[in-house]
Amino acid sequence: MSDRPVEQGSTFRIRARHAFPPETVAWLQYVRTAQALGFSLAEIARNGETLREAPDTAEALSLLFEEKLQAIDTRIAELTTLRADLALRVGTGCPLGPTGGVLSGRTS
């Protein structure tokens, strides 16, 4: 048997003589779920170390989710401001000129 990845549908599996240990499978499931929730691989690696050392994993995860929600809310606010600034420029004679918006330092 080869150890080369083999495509099966939309996933890749490695042909191997031995199954992955249960803790590896659990970690891979955690990684896939975290990615689906918007965490980068760097965040997952960093958070994985934190979670392994946490006395209460559920509480630690809740704190990480709260931090992620704050980051998302901040990004949504930034995008909302950017969208408003772009909307002001639609149909103007010089859409790249300063308008008192984001490009001139206005934050709200």
Side-chain angles (χ1 to χ4, degrees):
M1 286 190 142
S2 167
D3 287 337
R4 289 186 19 228
V6 176
E7 185 174 0
Q8 295 181 341
S10 63
T11 63
F12 285 87
R13 301 184 188 279
I14 298 177
R15 290 185 190 159
R17 293 188 178 102
H18 304 287
F20 291 106
E23 60 273 7
T24 300
V25 173
W27 174 250
L28 291 173
Q29 290 171 333
Y30 165 78
V31 168
R32 291 187 68 153
T33 301
Q35 284 181 305
L37 293 171
F39 289 88
S40 68
L41 288 176
E43 288 172 317
I44 293 167
R46 200 170 42 249
N47 295 338
E49 293 172 17
T50 301
L51 291 174
R52 278 190 286 274
E53 298 170 3
D56 183 348
T57 305
E59 184 178 332
L61 275 171
S62 289
L63 289 173
L64 290 172
F65 293 159
E66 287 176 15
E67 290 172 9
K68 190 66 168 176
L69 282 171
Q70 289 173 356
I72 290 169
D73 288 343
T74 297
R75 185 64 179 142
I76 288 171
E78 291 169 347
L79 289 171
T80 299
T81 300
L82 177 59
R83 186 191 188 293
D85 198 30
L86 287 169
L88 288 173
R89 294 165 184 271
V90 171
T92 62
C94 182
L96 295 181
T99 64
V102 172
L103 295 179
S104 65
R106 187 185 81 198
T107 59
S108 58

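Position 1 is the first residue of the sequence, and the numbers go up from there.
The CG atom of Leu64 lies 11.5 Å from the CG atom of Leu37; values are rounded to the nearest 0.5 Å. Once rounded to the nearest 0.5 Å, the distance linking CG of Leu86 with OG1 of Thr81 reads 11.0 Å. Atom CZ of residue Phe65 and atom CG of residue Asn47 lie 9.5 Å apart, to the nearest 0.5 angstrom. Annotation: the span from Arg32 atom CZ to Gln29 atom CD amounts to 9.0 Å, rounded to 0.5 Å. Atom-to-atom distance recorded for Leu51:CG and Tyr30:OH is 4.5 Å, nearest 0.5 angstrom.
Grouped with Leu28 in a hydrophobic cluster is no other residue, since no side-chain heavy-atom contact under 4.5 Å to another Ile, Leu, Val, Met, Phe, Trp or Tyr is found.
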side-chain contact (heavy atoms from CB on, under 4.5 Å) evaluation trace for Val31 with Leu41: CA-CA 8 Å; Val31 168; Leu41 288 176; 4.1 Å; yes

Derivation and outcome, side-chain contact (heavy atoms from CB on, under 4.5 Å), residues Leu79 and Arg75: CA-CA 6 Å; Leu79 289 171; Arg75 185 64 179 142; 3.6 Å; yes

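Identified under the side-chain hydrogen bond (donor to acceptor under 3.5 Å, both in side chains) test for residues 55-73, with sequence neighbours left out: Glu43-Lys68.
The two residues Ile44 and Trp27 come nearest to each other via the heavy atoms O-CH2, 4.0 Å.
Salt-bridge check for Arg52 with Glu49: failed, with every basic side-chain N at 4.0 Å or more from each acidic carboxylate O.
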